[in-house]
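Hydrogens, waters and symmetry mates play no part in the numbers below; they use all other heavy atoms, side chains included.
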Amino acid sequence: MLSLLYQEGPSTEGIFRRSGSAKTCKELKEKLDSGAEVDLACESIFVTASLFKDFLRNIPGSILSSQLCDKWISVMDQGNNEDKIKSIQRLIEQLPRANVVLLRYIFGVLHGIEMRSEENQMNAFNLAICIAPSLLWPPVSSTPDVESEFTKKISSLVQFLTENCCRIFGEEITSLFGEI
């Protein structure tokens with residue numbers, strides 16, 4: 001999925017914003033869950049993006065860990081960008097290794113898409129609005145007002161992560177997918 005999103009996402013206007021066919025997504029999710037072979041290259045890239053967001057939403061406790069939710073949210077209240085980056089790196093060190101590896105690839109994809117935002121209309125802000133709710137959610141449900149404020153904060157964090165991913169994860173993030 002990520003490889004396809006890395007290849008096609010940067011040249012696809014509205015990637016992560018537009019949804020794939022709900023029926024197709026449901027059918028493919030069932031096939032993937034059953035272990036059947038699925039050739040996503042034959043599907044709309046919007047279906048792949050929708051399936052990927054669904055996959056992220058189904059990671060128990062979220063990829064950024066709901067247990068660290070308050071710490072992630074408070075990052076954006078810190079002083080300068082250097083302080084924010086150091087705090088983010090400390091939080092990343094507290095995540096399971098599998099989460100860190102997946103995050104590197106996710107932000108490698110988002111970086112590639114953002115680099116061609118003139119073409120795809122998906123700058124870091126737009127990407128964050130679309131993908132942030134799939135990366136972190138509070139450990140307990142709350143009122144719509146509190147959830148709305150939370151969504152704004154996590155979107156701001158994901159925008160910052162996208163804009164600074166090379167400094168946070170290292171420059172090699174731009175070559176994780178090699179020469180596809």
Side-chain angles (χ1 to χ4, degrees), residues 1-29 32 38-59 62-64 72-73 75-77 81 84-85 88 92 99-137 144-145 147-180:
M1 272 191 230
L2 282 170
S3 181
L4 273 173
L5 290 168
Y6 180 79
Q7 286 177 283
E8 296 184 31
S11 60
T12 304
E13 187 172 332
I15 189 71
F16 292 117
R17 183 183 300 138
R18 292 179 43 201
S19 296
S21 157
K23 181 182 178 209
T24 303
C25 287
K26 183 177 185 265
E27 290 169 359
L28 287 173
K29 184 178 184 329
L32 287 167
V38 174
D39 186 3
L40 291 174
C42 296
E43 302 296 336
S44 159
I45 191 64
F46 297 109
V47 167
T48 302
S50 294
L51 283 171
F52 185 66
K53 288 195 305 186
D54 181 71
F55 165 78
L56 291 173
R57 284 189 296 270
N58 282 292
I59 293 174
S62 81
I63 191 167
L64 292 175
W72 282 113
I73 294 303
V75 163
M76 296 311 292
D77 296 331
N81 285 355
K84 290 174 186 165
I85 289 170
I88 288 168
I92 288 171
N99 293 37
V100 175
V101 170
L102 182 54
L103 279 172
R104 288 172 52 86
Y105 279 92
I106 291 169
F107 283 97
V109 168
L110 296 178
H111 175 75
I113 293 169
E114 181 203 18
M115 292 292 91
R116 292 184 41 199
S117 62
E118 293 278 327
E119 179 180 349
N120 59 42
Q121 306 302 304
M122 295 301 288
N123 59 25
F125 174 81
N126 292 336
L127 287 166
I129 294 295
C130 295
I131 202 106
S134 301
L135 298 180
L136 181 67
W137 49 87
D145 287 348
E147 285 186 21
S148 174
E149 189 58 34
F150 175 82
T151 300
K152 287 178 190 168
K153 287 182 178 182
I154 189 62
S155 293
S156 176
L157 171 68
V158 172
Q159 178 180 351
F160 184 83
L161 280 160
T162 303
E163 291 170 342
N164 295 279
C165 66
C166 292
R167 292 183 56 212
I168 293 165
F169 294 103
E171 288 293 329
E172 66 277 5
I173 199 169
T174 62
S175 58
L176 288 174
F177 293 92
E179 293 298 318
I180 294 179

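- Contacts classified as salt bridge (Lys or Arg N to Asp or Glu O under 4.0 Å) and involving residues 44-55 (residues at least two apart or in different chains) are given here: Lys29-Asp54.
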Expected list for residues 157-164: side-chain donor-acceptor pairs under 3.5 angstrom, two or more places apart:
{"unit_1": "Gln159", "atom_1": "NE2", "unit_2": "Glu163", "atom_2": "OE2", "d": "3.1"}
{"unit_1": "Thr162", "atom_1": "OG1", "unit_2": "Val158", "atom_2": "O", "d": "2.9"}
{"unit_1": "Asn164", "atom_1": "ND2", "unit_2": "Phe160", "atom_2": "O", "d": "2.9"}

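- Here Thr174 contributes atom OG1 and Met115 contributes atom CE; the two are 10.0 Å apart, rounded to the nearest 0.5 Å.
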Quiz item: When you look at Leu176 and Ile173, which way does the side chain to side chain contact (heavy atoms under 4.5 Å, CB included) test go after all the steps?
Solution: CA-CA 5 Å; Leu176 288 174; Ile173 199 169; 3.8 Å; yes

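- Residues Leu56 and Ile59 meet the side-chain proximity criterion, which asks for heavy atoms closer than 4.5 Å.
- Partners of Leu32 by side chain to side chain contact (heavy atoms under 4.5 Å, CB included), not counting sequence neighbours, listed by chain and number: Met1, Val38, Leu51.
- By the 4.5 Å heavy-atom criterion applied to side chains, Leu103 and Leu64 are counted as neighbours.
- Remark: Leu40 CG to Leu4 CG distance equals 6.0 Å, nearest 0.5 Å.
- Cation-pi geometry between Arg104 and Phe169 is not satisfied (NZ or CZ under 6.0 Å from the ring centre, within 45° of the ring normal).
- Evaluation of the side chain to side chain contact (heavy atoms under 4.5 Å, CB included) rule for Glu171 yields Cys166 as partners, not counting sequence neighbours.
- With sequence neighbours left out, the side chain to side chain donor-acceptor pair (under 3.5 Å) criterion links Arg17 to no other residue.
- Atom CD1 of residue Ile45 and atom CD of residue Gln7 lie 8.5 Å apart, to the nearest 0.5 angstrom.
- For Ser21, the side chain to side chain contact (heavy atoms under 4.5 Å, CB included) partners are Lys23, Thr24, not counting sequence neighbours.
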Quiz item: Between Leu102 and Phe55, is a side chain to side chain contact (heavy atoms under 4.5 Å, CB included) present by the stated rule, with each step listed?
Solution: CA-CA 12 Å; Leu102 182 54; Phe55 165 78; 3.8 Å; yes

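- Take Tyr105 and apply the ring-ring contact (aromatic ring centres under 6.0 Å, His included) test, not counting sequence neighbours, and it matches Phe177.
- With sequence neighbours left out, the ring-ring contact (aromatic ring centres under 6.0 Å, His included) criterion links Phe150 to no other residue.
- Ala128 approaches Pro133 most closely through the heavy-atom pair O-CD, 4.1 Å.
- Legend: residues meeting side chain to side chain donor-acceptor pair (under 3.5 Å) with Ser44, ordered by chain and number and at least two apart, are absent.
- The 12-atom threshold is not exceeded at CZ of Arg18, counting heavy atoms of other residues, nucleotides or ligands nearer than 6.0 Å.
- Considering OG of Ser156 and NZ of Lys84, their distance stands at 7.0 Å, rounded to 0.5 Å.
- In this structure, the side chain to side chain contact (heavy atoms under 4.5 Å, CB included) partners of Glu149, at least two apart in sequence or on a different chain, are Lys152, Lys153.
- Residue pairs meeting the side-chain hydrogen bond (donor to acceptor under 3.5 Å, both in side chains) criterion with at least one partner in residues 110-122, sequence neighbours excluded, are Arg116-Glu119.
- Applying the ring-ring contact (aromatic ring centres under 6.0 Å, His included) criterion to Phe16, with sequence neighbours excluded, gives no partner residue.
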Exercise. Quick one: do Leu5 and Ile113 satisfy side chain to side chain contact (heavy atoms under 4.5 Å, CB included)? Show the steps, please.
Key: CA-CA 9 Å; Leu5 290 168; Ile113 293 169; 5.6 Å; no

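- When all heavy atoms are compared, the tightest approach of Trp137 to Ser134 is CZ3-O, 3.4 Å.
- Between Ile106 and Leu135 there is a side-chain heavy-atom pair separated by less than 4.5 Å.
- How far CE of Met76 is from OG of Ser155: 11.0 Å, rounded to the nearest 0.5 Å.
- Taken to the nearest 0.5 Å, the CG atom of Asn58 stands 12.5 Å off from the CD1 atom of Ile63.
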